[in-house]
Amino acid sequence: MTLQSEIHVHRHGAVGHISLNRPKAINALTQDMCEAMADTLLEWRNDDAITAIILDHAEGRGFCAGGDVQLVRRSALEDDGAAGRAFFRAEYRLNHMMFTYPKPIIAFMDGVTMGGGVGISQPCKFRVATENTMFAMPEGSIGLFPDVGAGWYLPRLPGQLGRFLGLTGARLDGAECLWAGLATHYVSAADVAEAKAHIIETPHDIDAALRSLMPSPAPDARLAGNAASIDKLFAPDTLEGILAALEADGSDWANKELKAVASKCPTTCKVALRQLAADAPDFAANMALEYRIAARMLMRHDFIEGVRAVLVDKDGAPQWHPSTPEAVTEAMLDAIFAPLPDGEEWTPLA
């Protein structure tokens, strides 16, 4: 498949339109795709004839399942991580460009929206969920960490929801995304084409174009019923404390989430907790920090093993090293978060 077919670029009068089209990989992002999207956005940023941009997927069952982590794993095994770091550098530059973009971008989070898909939807001014939306940050299952701006977005969610999502990898539907603020609007999947048509017709009032198709009242968010439990049981500042709180609670819900957290990579979980508490002064600083973490995490055994277990051999039985939270030391975390050598730090595009 050529790059031109993986990214469809259109113009509809004053509205630019980018469609991901890598359906067999659920539109997982490659470095070339990230760079092509960034180039297109740079061109449209300086084009006065373009006033808004639609971002969606052309085919398949998901908006974007993430980044191409199998490519990154091969890089860790074959070229000392050089290609993997180049991918993260390009992806994070795209994330930052979208976050600082002066024109409204409307992301249609219809279907699977995970990992890298979160990274290209959350910076958008308008984020449209549907009943098909399946939102998650599942990096703990592959020994990576919640990246693509998660260190900025997750701490800003209500209560302890950010910790909950980062540690459990929980999957949220469209109604839950709207309730949590991860989506700004909700429309039926059957109305998505009409919503895009409304935006193209009235790009000066995107909010009204989307609200005209929103159900009233909004659909119920199941997760809202567990908000108090999330705030209580994910309040401890340590992974050990959260696990102990879940175990002590003993409810069916707590036991389910205990199992979810305990199955994740312990180093990933501790990295996530420190990352979410980092309080970067701005989004660029957050992305620079995430790049430091990514450059270290992609070379660790846990990432190579996690991708093997989930995506290569698909046995679902990763062997984490260290295998327990207690064995993940502060010194290990310090090394992951430490500045990179001169000339290797991440910087945004102009």
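All residue numbers refer to positions in the sequence shown, counting from 1.
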Asker: Using distance alone, with no hydrogens and no angle criterion, decide if E91 and Q31 have a side-chain donor and acceptor under 3.5 Å apart.
Answerer: no
Asker: With a sphere of 6.0 Å drawn around CG of D48, does it hold more than 12 non-hydrogen atoms of other residues, nucleotides or ligands?
Answerer: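 Open: at most 12 neighbouring heavy atoms sit under 6.0 Å from CG of D48.
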Asker: Not counting sequence neighbours, which residues clear salt bridge (charged side-chain N to carboxylate O under 4.0 Å, His left out) with K264? List them please.
Answerer: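 Partners of K264 by the salt bridge (charged side-chain N to carboxylate O under 4.0 Å, His left out) criterion come out as none, since no residue qualifies.
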Asker: Hey, are K103 and D47 close enough for a salt bridge, meaning a charged N less than 4.0 Å from a carboxylate O?
Answerer: no
Asker: If we ignore angles and hydrogens, is there a donor and acceptor under 3.5 Å between the side chains of D249 and S251?
Answerer: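 Short answer, yes.
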Asker: Would you call the rings of H10 and H8 parallel, tilted or perpendicular, where under 30° means parallel and over 60° means perpendicular?
Answerer: perpendicular
Asker: Does D334 pair with R274 as a salt bridge, N-O distance under 4.0 Å?
Answerer: yes
Asker: For R11, I'd like to know if atom CZ has over 12 heavy atoms of other residues, nucleotides or ligands within 6.0 Å.
Answerer: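 Yes, CZ of R11 has more than 12 neighbouring heavy atoms, counting only those of other groups under 6.0 Å.
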Asker: Looking only at side-chain N and O atoms, does H57 offer a donor or acceptor that is under 3.5 Å from a partner on N27?
Answerer: no
Asker: What pairs of residues pass the side chain to side chain donor-acceptor pair (under 3.5 Å) test when at least one of them lies in residues 119-143, not counting sequence neighbours?
Answerer: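 Those involving residues 119-143 are D110-T130, D110-N132.
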Asker: Quick one about D147 and Y291 (side-chain donor to acceptor, distance below 3.5 Å, no hydrogens or angles considered), yes or no?
Answerer: no
Asker: Is the cationic atom of R292 (NZ for Lys, CZ for Arg) positioned less than 6.0 Å from the six-membered ring centroid of F337 and within 45 degrees of its normal?
Answerer: no
Asker: Parallel, tilted or perpendicular: which fits the ring planes of H17 and H12, with parallel below 30° and perpendicular above 60°?
Answerer: tilted
Asker: Please report the interatomic distance CG(L233) to CG(L258), rounded to the nearest 0.5 Å.
Answerer: 10.0 Å
Asker: Ring centroid separation for F126 and F108, is it under 6.0 angstrom?
Answerer: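 Between F108 and F126, which both carry aromatic rings, the centre distance is not below 6.0 Å.
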Asker: Evaluate the ring planes of F234 and F164, with Trp represented by its six-membered ring, and classify them as parallel (under 30°), tilted (30 to 60°) or perpendicular (over 60°).
Answerer: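 Perpendicular: the ring planes of F234 and F164 meet at over 60°.
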Asker: Do D79 and R74 sit within salt-bridge range, that is, some charged N less than 4.0 Å from a carboxylate O?
Answerer: no
Asker: Roughly how far apart are L41 CG and M97 CE, rounded to 0.5 Å?
Answerer: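 The CE atom of M97 is 6.5 Å from CG of L41, to the nearest 0.5 Å.
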Asker: Does R45 CZ have over 12 foreign heavy atoms under 6.0 Å away?
Answerer: yes
Asker: With a 4.0 Å cut-off, would you call E240 and K270 a salt bridge?
Answerer: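 Answer for the salt bridge query: yes.
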Asker: Between T347 and R93, do the side chains contain an N or O donor and an N or O acceptor separated by less than 3.5 Å?
Answerer: yes
Asker: With a cut-off of under 6.0 Å to the ring centre and 45° to the axis, is R73 in cation-pi contact with F303?
Answerer: no
Asker: Got a second to check how far Y186's OH is from L178's CG, nearest 0.5 Å?
Answerer: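 Between atom OH of Y186 and atom CG of L178 there are 9.0 Å.
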Asker: Are more than 12 heavy atoms, taken from residues, nucleotides or ligands other than D282, located less than 6.0 Å from that residue's CG atom?
Answerer: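 Enclosed: over 12 neighbouring heavy atoms sit under 6.0 Å from CG of D282.
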